[in-house]
Amino acid sequence: MDFTLKTYQSLLHALKRNGYKFQTFEEFLSNPLNGKSVVLRHDIDKLPQNAFQLAQLEHQNGVQASYYIRVRKGVWDETIIKKIVSFGHEISYHYEDLTIARGNDEKALEHFKKQLAKIREFYPAKTICMHGSPLSKWDNCKLWDKYDYRSMGIIGEPYLDVDYSKILYITDTGRSWNSAKVSVRDKVKDGLKVSIKNTTHLISLLDGHQLPDKIIMNTHPQRWFNFGFGWLREFVIQNIKNKVKRILIKLS
């Protein structure tokens, strides 16, 4: 059974027993480790309670991760943000300002600054991460074609500041691993290519020492449940979304 909390814990155990050290994205940029290391990046698009469950599970396993949260009604939950920070995780802004501002650069920048300041009330955020907004015609990363986030104390953005020819990027977008067929914007240029069938296969690749020493792994907490209604609902809804995404990718 894939995309369950039990499966995720098995993945954490596989990373640990194969010698991977865990870093937040901020640590990875400011003080990269020699040898094997992995950044666990979580994009909180919705269901913040799921993010809390992952954060708690990681904390119980002695693991730190990076959480990027949308500042949206139904996603922004200050109680959960405080709990995630209390576990020692990094938390920052999962920005979508160009989409919100409908392509207006100036309005998008002002909106970005306000939301970043809101995040910094809870954590001294030094990194940011784009929300893909797959149904939007605006690519939120394009805001930085005109402006420089470093002027606001940001040291990095995972889509813009990582050499993925040397670091494996893995994402569960579309409720699968690294599937180009269902990923509109959650992909990297010139990245290492590894075919991953499911999480069990990913664990077997780790145990077979078939993956690089440096990994950035992106997961979306809303996909990960204990088996039950929530898991089944996400399974059905994501399959519908994937059909739409395949059409968008063909038209792009």
For Lys189, I'd like to know if atom NZ has over 12 heavy atoms of other residues, nucleotides or ligands within 6.0 Å. no

Only counting residues at least two apart or in another chain, list the ones meeting ring-ring contact (aromatic ring centres under 6.0 Å, His included) with Phe225. none

Over 12 non-hydrogen atoms of neighbours within 6.0 angstrom of NZ in Lys36: yes

Donor on one side chain, acceptor on other, Asp97 and Gln115, under 3.5 Å: no

Scanning both residues in full, the closest heavy-atom pair of Thr24 with Ala65 reads CG2-O, 3.7 Å

Nearest-0.5 Å distance that lies between atom NZ in Lys126 and atom CZ in Phe25: 14.0 Å

Inter-residue atom distance Leu5.CG - Leu11.CG, 0.5 Å rounding: 12.5 Å

Is any side-chain heavy atom of Tyr159 closer than 4.5 Å to one of Cys129? yes

Side chain proximity check, Lys113 to Met152, heavy atoms < 4.5 angstrom: yes

Is it true that Leu211 and Ile196 fall in one hydrophobic cluster, defined by side-chain heavy atoms closer than 4.5 Å? yes

Gln23 side chain vs Asn31 backbone, donor-acceptor pair below 3.5 Å: yes

Find out if a path of hydrophobic residues (ILVMFWY) with successive side-chain heavy-atom gaps under 4.5 Å connects Val71 to Ile100. no

Determine, step by step, whether Asn198 and Phe3 satisfy the side-chain contact (heavy atoms from CB on, under 4.5 Å) criterion, reporting the C-alpha distance in whole Å, the side-chain angles of both residues, the deciding distance to 0.1 Å, and the verdict. CA-CA 9 Å; Asn198 49 46; Phe3 295 100; over 6 Å; no

Answer yes or no on whether Lys6 is positioned over the face of Trp224, meaning its NZ or CZ is under 6.0 Å from the six-membered ring centre and within 45° of the axis. no

Just how far is it from atom OG of Ser37 to atom CZ of Phe28, taken to the nearest 0.5 Å? 6.0 Å

Establish, from distance only, whether the side-chain atoms of Tyr68 and Asn218 form a donor-acceptor pair under 3.5 Å. no

Interatomic distance, OH@Tyr8 vs CG@Asn61, rounded to 0.5 Å, equals 9.5 Å

The reported gap from NE2 in His59 to NE2 in His89 (rounded to nearest 0.5 angstrom) is 7.5 Å

Quick one: does Met217's side chain get under 4.5 Å of Arg41's, heavy atoms only? no

Would you say the side-chain atoms of Thr171 pair up with the backbone N or O of Thr173, donor to acceptor, closer than 3.5 Å? yes

Is it true that Asp45 and Arg223 have a side-chain N and a carboxylate O under 4.0 angstrom from each other? no

Verify the cluster assignment for Leu33 and Leu15: are they in a single hydrophobic cluster under the rule of side-chain heavy atoms below 4.5 Å apart? no

Residue pair Thr7 / Thr4, side-chain donor-acceptor N/O under 3.5 Å: yes

May I ask you to check whether Trp144 and Tyr95 place their ring centers less than 6.0 Å from one another? yes

Should Arg150 and Asp161 be marked as a side-chain contact (heavy atoms from CB on, under 4.5 Å) after you check the CA-CA gap, both sets of side-chain angles, and the distance that decides it? CA-CA 12 Å; Arg150 289 177 178 81; Asp161 296 296; 2.5 Å; yes

Under 3.5 Å, side chain of Glu157 to main-chain N/O of Met130, donor-acceptor pair present? yes

Less than 6.0 Å separating the ring centroids of Tyr93 and Phe112? yes

All heavy atoms of Ala14 vs all of Asn18, minimum pair found to be O-ND2, 2.8 Å

More than 12 non-hydrogen atoms from neighbouring residues, nucleotides or ligands closer than 6.0 Å to CG on Asp163, yes or no? yes

Would you say Tyr164 and Ile216 make side-chain contact, with heavy atoms under 4.5 Å? yes

Sub-4.5 Å side-chain heavy-atom contact between Ile84 and Ile69: no

Using side-chain heavy atoms (C-beta onward) and a distance below 4.5 Å, is Thr200 in contact with Leu202? no

Closest heavy-atom pair, Thr219 versus Leu54, reported as atoms and distance to 0.1 Å, is OG1-CD1, 4.4 Å

Quick one: closest heavy-atom pair of Pro158 and Ile128, and the distance? CD-O, 3.0 Å

Using a 6.0 Å cut-off, check whether atom CD of Glu106 has over 12 heavy atoms from anything other than its own residue. no

Are Ile215 and Ile203 connected into the same hydrophobic cluster when the rule is that any two of I, L, V, M, F, W, Y join if their side-chain heavy atoms are below 4.5 Å apart? yes

Tell me if the CZ atom of Arg233 is crowded by more than 12 foreign heavy atoms within 6.0 Å. no

Any link between Ile170 and Ile167 through a network of hydrophobic side chains (Ile, Leu, Val, Met, Phe, Trp, Tyr) touching at under 4.5 Å? yes

Say whether, by atom type as modelled, one donor and one acceptor occur between the side chain of Thr127 and the main chain of Gly156 under 3.5 angstrom. no

Give a yes or no on whether Lys107 atom NZ has more than 12 heavy-atom contacts from other residues, nucleotides or ligands under 6.0 Å away. no

Looking only at heavy atoms, what is the nearest atom pair of Phe122 and Lys82, with distance? CE2-CE, 3.6 Å

Determine whether Phe52 and Phe87 make a side-chain contact, defined as any pair of heavy atoms from C-beta on separated by less than 4.5 Å. yes

Hydrogens and angles aside, do Asn140 and His131 bring a side-chain donor and acceptor to less than 3.5 Å of each other? no

Do Arg70 and Glu96 sit within salt-bridge range, that is, some charged N less than 4.0 Å from a carboxylate O? yes

What I want to check is whether the side chains of Thr199 and Asp2 have a donor and an acceptor closer together than 3.5 Å. yes

Under 3.5 Å, is there a donor-acceptor pair between the Glu26 and Ser66 side chains? no

Straight-line distance of Tyr67 OH to Glu58 CD, nearest 0.5 Å: 3.5 Å

Gln56 backbone acceptor or donor facing Lys83 side chain under 3.5 Å: no

Side-chain contact test, heavy atoms from C-beta onward, threshold under 4.5 Å: evaluate it for Glu27 versus Gln64 and give yes or no. yes

How close do Ile119 and Ala125 get, counting heavy atoms only, and between which atoms? CG2-CB, 3.9 Å

